[in-house]
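Below is one structure; the comments refer to it alone.
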Amino acid sequence: MALETSPEQPTPVRTVLQLVGGWIAKLGRIWVEGQITELNRRGGTVYFTLRDPVANVSVRVTCARAVCDNAGPAVVDGARVVVHAKPDFYINRGSFALSAFEIRPVGVGELLARLERLKQLLAAEGVFNAERKRPLPFLPGTIGLICGRDSAAERDVLENSRRRWPAVRFTVENTAVQGSYAVGEIIDALHRLDAAPDVEVIIIARGGGSLEDLLPFSDEALVRAVAAARTPVVSAIGHEQDTPLLDYVADVRASTPTDAAKKTVPDVREQLALIGQLRDRGRRCLSGRVEREIQWLTGMRSRPALADPAREIERQAEGVATLRDRSRRCLAAALDRAGDGLSHTRARLVALSPAATLERGYAIAQRPDESVVRAAADVRKDDELLVRFKDGRITVRVDAV
């Protein structure tokens with residue numbers, strides 16, 4: 001419930017602090033996880049700062065010396081712990097702190113179990129899918145490198161890359177690679193390199209270390225930042241057996257920083273040798289093609305049509321003359337057969353014509369309309385008939401039937 005105040009009716013400081021203390025007291029006892037820093041034992045009380053493993057925030061914690069001793073020797077600066085505590089607000093000083101009743105170090109087994117749960121969660125979301133991984137460019141113009149300052153990992157990447165390709169360029173971002181500040185600094189460096197237009201590949205490199213040292217590279221925020229990056233990312237963390245979650249989300253996983261240089265930068269000697277091999281292969285292919293064409297041309301020139309063109313023309317002319325003579329003979333024979341057939345047809349027509357009948361002494365009786373009288377019953381008395389002979393015709397009248 002908000003306080004109702006005004007310039008005329010302000011609320012005293014004690015009232016505000018008392019209300020804040022009351023609100024905080026309602027939290028009750030809680031379990032809090034963090035990393036111990038600034039551990040200090042004074043008399044029967046132990047003071048330390050509990051820092052968030054990801055964000056740059058922290059809280060003061062106090063506890064009895066016995067509580068710290070019961071937690072064992074693992075409670076030291078840099079240790080990951082889980083604290084059962086009660087939030088306290090000191091009204092007189094206006095400060096906030098946690099009063100611890102129990103401290104439990106986070107063991108390796110528990111860390112591994114947490115990492116496995118996080119790995120399964122991210123895998124279910126598709127963050128590790130191979131389809132979203134991008135190939136590295138053959139020869140990146142500028143490589144972004146995130147590593148510790150003056151670290152062996154930085155030297156390995158730079159020296160091996162320049163040994164393989166002397167003209168390669170780097171933009172180096174030095175960050176913390178372990179501890180509570182590492183995740184935030186690495187993410188900031190990643191964003192800067194990803195936004196740089198000339199950076200084509202980003203390498204995140206660190207040497208070997210314990211599980212606790214490599215925990216920043218399994219942080220969920222860093223994994224999601226790498227997944228969201230537009231630039232391909234190469235993970236080169238620790239040794240071959242080290243597999244932080246960054247290895248699963250990165251576009252390429254290198255076993256060591258030296259291996260990252262080999263996978264990112266081509267070897268100029270190997271490329272020159274490859275160019276030589278390709279040049280020789282191209283020369284052999286071209287020479288073979290030219291040789292085959294020369295052989296084909298020689299074979300074509302050796303054919304009779306090209307070796308003695310006049311002889312081929314004469315041969316073709318002889319063929320034309322032979323075909324012409326054959327066609328003439330065929331045409332003459334066809335004309336002779338047609339003439340014979342015509343003569344035979346003429347003879348048959350002559351033999352069957354009425355004129356030939358008249359030549360043999362017959363006559364043809366016709367009516368005035370020149371229709372032929374074929375029987376005596378077809379005429380009647382007094383009909384006029386026209387009688388045709390071979391040398392003329394006469395008109396007669398029928399006297400009796």
Side-chain angles (χ1 to χ4, degrees), residues 32-38 48-59 61 76-83 105-108 110-123 125 127-128 144-154 157 171-196 199 202-239 242-251 253-254 257 260:
V32 184
E33 180 184 3
Q35 185 178 24
I36 293 178
T37 60
E38 302 176 8
F48 60 89
T49 299
L50 193 64
R51 187 177 300 277
D52 188 274
V54 177
N56 188 21
V57 294
S58 60
V59 63
V61 181
V76 294
D77 276 341
R80 289 281 291 270
V81 295
V82 177
V83 177
V106 178
V108 174
E110 186 174 353
L111 286 175
L112 291 175
R114 292 184 184 181
L115 292 179
E116 184 61 27
R117 289 194 295 271
L118 178 58
K119 177 182 174 183
Q120 293 176 0
L121 173 64
L122 295 173
E125 294 180 9
V127 177
F128 301 151
L145 176 60
I146 301 175
C147 58
R149 186 179 303 277
D150 297 328
S151 61
E154 178 180 2
V157 173
T171 298
V172 181
E173 292 280 350
N174 293 123
T175 65
V177 291
Q178 68 183 59
S180 57
Y181 298 101
V183 174
E185 292 185 8
I186 294 173
I187 292 176
D188 291 342
L190 177 65
H191 289 162
R192 287 192 298 271
L193 293 176
D194 192 36
V199 174
I202 299 174
I203 299 176
I204 302 178
R206 187 201 190 282
S210 63
L211 175 64
E212 291 80 0
D213 293 339
L214 301 182
L215 279 178
F217 300 98
S218 293
D219 185 82
E220 181 178 0
L222 177 58
V223 171
R224 294 188 182 278
V226 171
R230 297 178 295 104
T231 309
V233 177
V234 178
S235 172
I237 306 302
H239 303 298
D242 297 320
T243 54
L245 297 185
L246 180 63
D247 285 351
Y248 296 98
V249 72
D251 297 286
R253 188 252 179 182

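All values derive from a computational prediction rather than experimental measurement. FYI, side chains are in, hydrogens and waters are out, and symmetry mates aren't considered; it's all heavy atoms of this structure.
Nearest heavy atoms, Leu222 versus Pro216: CD2-O, 3.4 Å. For Phe128 against Leu245, the heavy-atom pair with the smallest separation is CE2-O, 4.2 Å. A pairwise comparison of heavy atoms in Ile203 and Ala236 identifies CG2-CB, 4.5 Å as the closest pair. The nearest pair of heavy atoms linking Tyr181 to Ala176 is C-CB, 4.4 Å. Taking all atoms of both residues into account, the shortest heavy-atom contact from Gly207 to Ala153 is N-CB, 3.9 Å. The shortest non-hydrogen separation linking Pro257 to Val157 is O-CG2, 3.5 Å.
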Test log, rule side-chain contact (heavy atoms from CB on, under 4.5 Å), inputs Leu190 and Leu193: CA-CA 5 Å; Leu190 177 65; Leu193 293 176; 5.8 Å; no
Step-by-step side-chain contact (heavy atoms from CB on, under 4.5 Å) determination, Ile36 to Thr49: CA-CA 6 Å; Ile36 293 178; Thr49 299; over 6 Å; no
Val127 vs Val223, side-chain contact (heavy atoms from CB on, under 4.5 Å): CA-CA, chis, key distance, verdict: CA-CA 9 Å; Val127 177; Val223 171; 4.1 Å; yes
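A side-chain contact (heavy atoms from CB on, under 4.5 Å) with Ile202 is found for one member of Ile146, Leu145, Asp251, Val226 and no other, namely Ile146.
Listed by chain and number, the residues in a side chain to side chain donor-acceptor pair (under 3.5 Å) with Ser218 amount to none (sequence neighbours excluded). Residues that satisfy the salt bridge (Lys or Arg N to Asp or Glu O under 4.0 Å) test with Asp247, not counting sequence neighbours, are Arg253. Under the rule for a side chain to side chain contact (heavy atoms under 4.5 Å, CB included), the partners of Val177 that lie at least two apart in sequence or sit in another chain are Thr175, Arg206, Phe217. The side chain to side chain contact (heavy atoms under 4.5 Å, CB included) check on Ala196 picks up Asp198, Val199, with sequence neighbours excluded. For Arg192, the salt bridge (Lys or Arg N to Asp or Glu O under 4.0 Å) partners are Glu173, not counting sequence neighbours.
When side chains are defined from C-beta on, Leu215 counts as touching Arg80, because their heavy atoms get closer than 4.5 Å. Taking 4.5 Å as the limit, some side-chain heavy atom of Ile237 sits within range of a side-chain heavy atom of Leu214. Inter-residue side-chain proximity for Ser235 and Ile204 is flagged as unmet; no heavy-atom pair is nearer than 4.5 Å. Counting heavy atoms from C-beta on, the side chains of Val32 and Leu50 come closer than 4.5 Å.
Distance CG/Asp77 to CZ/Arg51: 10.5 Å, rounded to 0.5 Å. The OH atom of Tyr248 lies 4.0 Å from the OG1 atom of Thr243; values are rounded to the nearest 0.5 Å.
The backbone N or O of Val183 lies less than 3.5 Å from no partner atom in the side chain of Asp219, so there is not a single donor-acceptor pair. Formation of a donor-acceptor pair under 3.5 Å by the Asp194 side chain with backbone atoms of Ala229 is not found in this model.
The stretch residues 144-154 participates, sequence neighbours left out, in no salt bridge (charged side-chain N to carboxylate O under 4.0 Å, His left out) pair at all.
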